Amino acid sequence: PVASVVLLIACRSQPPQEGIFGLIIEDLNGEQMALTQMRQHKASVLIFLSPECPLSENYTMQVTEYTNRYKGDDIIFYNVFPGRFYSREEIASFTNEFRLDNPTLLDPDYLLTKYVNATITPEAFLLDESGAILYSGAIDNWAIVLGQQRREATTFYLVDAIRNHLDGEPIETASAKAVGCFIE
């Protein structure tokens, strides 16, 4: 019985001591990627997506636009697909169809999902070069509740947070409730 307890403690999942940089995540090509490379950028944006979530589809144009807009500012965007519900082929088909050219990360064991406490797709996280989460939540306020949207967004939470960070100012809105599909 004592050996069982010791074994369970040893196998328990622990957060990496290096924070987010200690995580190793597989990319869409099957390559293991240490998130230490995030340190090389002014900031990183994690966008949690799902191939079956209509709001994930709706936000792909904004993700592509923001990826291109902030590339020159040394901001890197990552698509993150949590869980084991979708095959690598389904995720590749989604990223190809919606022209998401930024790096795509697979998170089958929810390591990254749990680390940033992602619960919804789509949901955005802005992290600085130290790995601190500067912003989390909705990309903008277009979606009011699931199935109800404004004609157009009037508040751009993620863009505002990126601008604040690039300007060396405090993030005015550090979080906004994400609307979308629950991560299971």
Side-chain angles (χ1 to χ4, degrees), residues 8-50 56 59-60 62-64 66-86 88 91-92 94-95 100-139 157-176 178 180 182-184:
L8 288 174
I9 291 171
C11 293
R12 189 178 65 191
S13 176
Q14 295 289 324
Q17 290 182 350
E18 305 86 19
I20 195 165
F21 301 128
L23 295 177
I24 297 175
I25 302 292
E26 191 171 305
D27 71 12
L28 191 54
N29 299 319
E31 301 290 324
Q32 296 292 313
M33 187 180 107
L35 295 182
T36 54
Q37 74 178 32
M38 292 170 64
R39 287 183 174 150
Q40 301 168 5
H41 302 279
K42 286 183 186 171
S44 300
V45 178
L46 307 173
I47 305 284
F48 285 78
L49 299 166
S50 167
S56 286
Y59 274 101
T60 56
Q62 282 91 338
V63 172
T64 298
Y66 300 160
T67 298
N68 294 328
R69 181 189 307 176
Y70 292 107
K71 203 174 280 185
D73 292 309
D74 197 26
I75 308 287
I76 187 165
F77 282 71
Y78 296 93
N79 310 314
V80 182
F81 290 85
R84 298 179 186 269
F85 294 103
Y86 309 103
R88 187 178 307 277
I91 294 168
F94 180 86
T95 60
L100 294 169
D101 296 330
N102 41 320
T104 296
L105 306 176
L106 307 182
D107 192 18
D109 297 322
Y110 303 101
L111 297 174
L112 188 52
T113 304
K114 289 176 184 175
Y115 188 87
V116 298
N117 199 27
T119 59
I120 300 288
T121 62
E123 189 170 14
F125 294 83
L126 172 66
L127 293 85
D128 68 13
E129 63 275 358
S130 75
I133 299 171
L134 304 176
Y135 172 78
S136 64
I139 294 170
Y157 304 115
L158 179 59
V159 168
D160 292 344
I162 291 170
R163 279 195 207 129
N164 288 152
H165 179 61
L166 289 173
D167 292 342
E169 299 172 359
I171 306 298
E172 290 179 25
T173 302
S175 67
F182 286 105
I183 294 173
E184 296 181 32

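The chain is numbered in sequence order, starting from 1. In this text, all values refer to a predicted model and were calculated from it rather than measured experimentally.
Taken to the nearest 0.5 Å, the CG atom of L106 stands 10.5 Å off from the CE atom of M33. Atom CD of E31 is separated from atom CD1 of I25 by 14.5 Å, given to the nearest 0.5 angstrom. Distance check, rounded to the nearest 0.5 Å: CG of D27 to CG of L105 gives 7.0 Å. Going from atom CD1 of I47 over to atom OG of S56 covers 10.0 Å, rounded to the nearest 0.5 Å.
Taking both residues in full, the closest heavy atoms of E129 and K42 are given as OE1-O, 2.7 Å, listed atom of the first, atom of the second, then distance. Shown here for T36 and F21, the closest heavy-atom pair between the two residues is CG2-O, 3.3 Å. When all heavy atoms of D74 and Q40 are compared, the pair lying nearest together is OD2-O, 3.5 Å. Of all non-hydrogen atoms in G180 and P122, the two that sit nearest each other are CA-CD, 4.5 Å. When all heavy atoms of F81 and L49 are compared, the pair lying nearest together is CD2-O, 3.4 Å. Looking at every heavy atom in both residues, A92 comes nearest to L28 through CA-CD2, 3.8 Å.
Checked by atom type and distance alone, the side chain of D107 pairs as donor or acceptor with a backbone atom of L112 at under 3.5 Å. Here the side chain of H41 pairs no donor or acceptor atom with the backbone of D128 at under 3.5 angstrom. The backbone N or O of N102 sits nowhere less than 3.5 Å from a side-chain atom of T67 that would complete a donor-acceptor pair. For the pair Y110 (side chain) and E184 (backbone), a donor-acceptor distance under 3.5 Å is present. Side-chain N or O atoms of E123 include one that pairs as donor or acceptor with a backbone N or O of T119 at under 3.5 Å. No donor-acceptor pair under 3.5 Å is formed between the side chain of N164 and the backbone N or O of E169. R39 places no side-chain N or O within 3.5 Å of a backbone atom of S130 that could act as its donor or acceptor partner. Put simply, the side chain of Y115 never gets that close to the backbone of A118: no donor and acceptor are under 3.5 Å apart.
At a threshold of 4.5 Å between non-hydrogen side-chain atoms, the residues Y66 and I139 count as touching. Side-chain contact between I162 and D73 is absent, with no heavy-atom pair separated by less than 4.5 Å. Put simply, the side chain of R163 does not reach to within 4.5 Å of the side chain of L166, judged on heavy atoms. Side-chain contact between I76 and P103 is present, with heavy atoms from C-beta onward closer than 4.5 Å. Between E172 and D160, every side-chain heavy-atom pair lies at or beyond the 4.5 Å cut-off.
Of the residues listed (F48, Y135, Y157), the one engaging F125 in a ring-ring contact (aromatic ring centres under 6.0 Å, His included) is F48, and it is the only one. Considering V45, L46, L134 as possible partners of L127, the one that fulfils the side-chain contact (heavy atoms from CB on, under 4.5 Å) test is L46.
For Q37, the CD atom is densely surrounded, since the number of other residues' heavy atoms within 6.0 Å is greater than 12.
Aromatic pair Y86/F94: ring centres not closer than 6.0 Å.
The pair R84-D109 counts as a salt bridge, with a side-chain nitrogen and a carboxylate oxygen less than 4.0 angstrom apart.
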Next on the checklist: Please determine whether side chain to side chain contact (heavy atoms under 4.5 Å, CB included) holds for the pair R69 and Q62, giving the CA-CA distance in whole Å, both sets of side-chain angles, and the decisive distance to 0.1 Å.
Outcome noted: CA-CA 10 Å; R69 181 189 307 176; Q62 282 91 338; over 6 Å; no
Next on the checklist: For I120 and I183: C-alpha separation, side-chain torsions, deciding distance, then whether side chain to side chain contact (heavy atoms under 4.5 Å, CB included) applies.
Outcome noted: CA-CA 5 Å; I120 300 288; I183 294 173; 5.7 Å; no
Checklist entry - Do T64 and F77 pass the side chain to side chain contact (heavy atoms under 4.5 Å, CB included) test, and can you show the C-alpha distance, the side-chain angles, and the key distance before you say yes or no? => result CA-CA 9 Å; T64 298; F77 282 71; over 6 Å; no
Checklist entry - Under the side chain to side chain contact (heavy atoms under 4.5 Å, CB included) criterion, do H165 and I171 qualify, and how do the steps go? => result CA-CA 7 Å; H165 179 61; I171 306 298; 4.1 Å; yes
